[in-house]
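Structure, as structure tokens:
Sequential numbering from 1 along the given sequence is applied to the chain's residues.
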Amino acid sequence: MCATGKSLLLGFPPAGDSVRIVDRGHPSLLMLTPHGAQRLHTTPALPLGLGELGPGSAEVTTHPLRSGEVILLYTDGVSEARNAGGKFYPLKAPLPEGSGFSTLQG
């Protein structure tokens, strides 16, 4: 039996003006800014333990970081959660009031 796992590896260069991301099948990261929130796009590879089934190695995606921005990571337990009626919770809903951030874009 082969153990598998979704994961992210984030690297922050010393200058602190960017983030480098290796995505192994993890849910999208969110970038929270004073102007709203948006998904950070990555180039996902297969989860750990399944890489030999796909072509090549995982790619590194680099995104700039600006003052006041926050990267939000969450588990797939959040994105796959359902209410008592079996419906997914709306992740595109407005972020909590008082968070300093507005509605998720995209």
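Residues Leu10 and Arg20 fail the side-chain proximity criterion, which asks for heavy atoms closer than 4.5 Å. Side-chain contact between Phe12 and Asp17: absent, with no pair of heavy atoms (C-beta onward) separated by less than 4.5 Å. Taking 4.5 Å as the limit, every side-chain heavy atom of Glu69 sits out of range of all side-chain heavy atoms of Leu32.
Annotation for Met31 and Pro64: closest pair CE-O, 4.1 Å, computed over non-hydrogen atoms. Closest heavy-atom contact between Gly68 and Pro34: O-CD, 3.8 Å. Across all their heavy atoms, Leu65 and Gly16 have their closest contact at CB-O, 4.2 Å.
The CD1 atom of Ile21 sits 13.0 Å away from atom CD of Glu59, with the distance rounded to the nearest 0.5 Å. Distance check: Gln38 CD to Leu40 CG gives 7.0 Å after rounding to the nearest 0.5 Å.
Screening Thr61, Leu72, Leu8, Val19 against Leu29 for a side-chain contact (heavy atoms from CB on, under 4.5 Å) leaves a single residue, Leu8.
His63 places a side-chain N or O within 3.5 Å of a backbone atom of His41 that can act as its donor or acceptor partner.
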